[in-house]
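Worth saying up front: this structure is predicted, and the values here are computed from it rather than measured.
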Amino acid sequence: MSDTSRRGGAAGEAPMTKREGYQELVDAKVERALAPWVDLLPAEALAEMREQLEDFITTHPAMERMLEELLPAPAVDASGELGPDGKPVPVDTPAAAPGKAGRR
């Protein structure tokens, strides 16, 4: 795996946080793509193809989104809105309307 794919983006970008199962999914997709070539190419060529495929899958924005779509949704243990990263979005609680406190 190249330095770029470990960082999750171009030089200087912060590492991307991936959901559980992301790397396993990447590995499975790469191996599936390489399967037809295993008996035809030498190990060195397969290693180079594996690295290039993994770099492309993990750094191209469209491929990253497609892989994220294939992962199971994160478990939710509370109600509320989730952001694009699957984490809860803070909700501002509105203040009680004047004169309404204690009424039902």
CG/L34 to NZ/K29 distance, rounded to the nearest 0.5 angstrom?
13.5 Å
So which heavy atom on V89 is nearest to which on G83, and how close?
CG2-N, 3.3 Å
For the atom pair CG (L67) and NE2 (H60), what is the distance rounded to the nearest 0.5 Å?
12.0 Å
Straight-line distance of M63 CE to E54 CD, nearest 0.5 Å
11.5 Å
Output the distance between atom CD (Q52) and atom CD1 (I57), rounded to the nearest 0.5 Å.
12.0 Å
Tell me whether M49 shares a hydrophobic cluster with V38, the cluster being built from Ile, Leu, Val, Met, Phe, Trp, Tyr side chains joined at under 4.5 Å.
no
Rounded to the nearest 0.5 Å, what separation is found between the CD atom of E24 and the CG atom of L71?
9.0 Å
For a 4.5 angstrom cut-off between non-hydrogen side-chain atoms, does E64 reach Y22?
yes
Interatomic distance, D27 atom CG to R50 atom CZ [nearest 0.5 angstrom]
9.0 Å
